[in-house]
Student: 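One structure, pasted below without further comment.
Everything numeric here is computed off the predicted structure, so don't read it as measured data.
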Amino acid sequence: MKKVLNILLDIIIWIIILLAIFITIMSLTKKTNNLSSIFGYYVFSIKTESMEPVIKKGDLIIGKKYNDELIKKGDILSFYTLENDRTIIKTHRVEKIYDDGALKSYLMKGDNNEKPDDVHITNNDIICRYTNVRIPLLGYIFNFIKSKVGFFVTIIIPLFITFIYNLYTLILTIIEDKKTKQNSV
């Protein structure tokens with residue numbers, strides 16, 4: 001039973017360490033417009049039902065950085081847009097493409113929305129193209145971990161507990177080693 005608990009504790013510790021590494025990498029990577037990109041890929045958590053059933057609220061999605069490649073009707077893009085005088089990020093599908101020769105713009109629409117978005121976007125608004133990689137419900141966890149309380153609860157406290165546990169194990173090993181050396185003399 002003790003061996004099973006030790007293995008389970010080791011697995012939990014590794015999960016915490018991997019989460020801490022991921023969050024640290026996301027925090028330290030080069031940011032463009034306050035967004036972190038890892039090797040040209042962005043990670044977003046979906047906050048609305050606008051793209052259901054393809055992408056659900058709470059999903060974590062991965063998008064490949066947009067580099068002026070051809071956009072087609074039906075592509076799913078993450079982009080900057082204005083809503084209530086604030087710049088936000090949306091992930092919607094290209095409904096229609098307008099090209100007057102000098103400027104291309106795109107009419108976007110959420111799959112679950114009745115009407116297209118009010119504002120057309122241009123290539124400058126596009127952040128990334130959805131890569132069809134979606135991890136259900138992980139967006140909720142990602143949002144919680146990105147918050148100050150979530151980072152403290154899921155990263156700092158477990159790392160502190162892990163440090164104390166390893167320090168305790170080290171001290172017990174040193175005491176046991178000393179006892180072994182005294183008994184052998």
Student: Compare all side-chain heavy atoms of Asn132 with those of Tyr130 and state whether any distance is below 4.5 angstrom.
Tutor: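 When only atoms from C-beta onward are counted, Tyr130 and Asn132 do touch, with a gap below 4.5 Å.
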Student: Decide yes or no for Cys128 and Phe44: does some side-chain heavy atom of the first lie under 4.5 Å from some side-chain heavy atom of the second?
Tutor: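 Yes, close enough: below the 4.5 Å cut-off.
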Student: Hey, are the side chains of Thr169 and Tyr165 touching, using non-hydrogen atoms and a 4.5 Å cut-off?
Tutor: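 In contact.
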Student: Decide if atom CZ of Phe160 counts as having more than 12 heavy atoms of other residues, nucleotides or ligands within a radius under 6.0 Å.
Tutor: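 Open.
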Student: Hey, does Asp59 have a side-chain heavy atom less than 4.5 Å from the side chain of Leu138?
Tutor: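 No - every pair of side-chain heavy atoms lies 4.5 Å or more apart.
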Student: Quick one: do Arg93 and Asp111 satisfy salt bridge (charged side-chain N to carboxylate O under 4.0 Å, His left out)? Show the steps, please.
Tutor: CA-CA 7 Å; Arg93 190 180 301 276; Asp111 290 356; 2.8 Å; yes
Student: Hey, does Tyr42 have a side-chain heavy atom less than 4.5 Å from the side chain of Ile61?
Tutor: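 The answer is no; the side chains never approach within 4.5 Å.
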Student: Are Asp125 and Thr81 packed together at the side-chain level, in the sense that at least one heavy-atom pair is separated by less than 4.5 angstrom?
Tutor: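 Not touching, per the 4.5 Å side-chain cut-off.
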Student: Looking at Asn67 and Glu69, what are the two nearest heavy atoms and their distance?
Tutor: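 Where Asn67 meets Glu69 most closely, the heavy atoms are N-OE1, 2.8 Å.
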Student: Do Asp75 and Tyr106 touch side chain to side chain, with heavy atoms closer than 4.5 Å?
Tutor: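 No, every pair of side-chain atoms sits at 4.5 Å or beyond.
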Student: Before you tell me yes or no, could you show the steps for His120 and Tyr98 under ring-ring contact (aromatic ring centres under 6.0 Å, His included), namely the whole-Å CA-CA distance, both residues' side-chain angles and the distance that decides it to 0.1 Å?
Tutor: CA-CA 9 Å; His120 290 213; Tyr98 297 92; 4.8 Å; yes
Student: Is the shortest heavy-atom distance from the side chain of Ile171 to the side chain of Leu167 under 4.5 Å?
Tutor: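 Ile171 vs Leu167: side chains touch.
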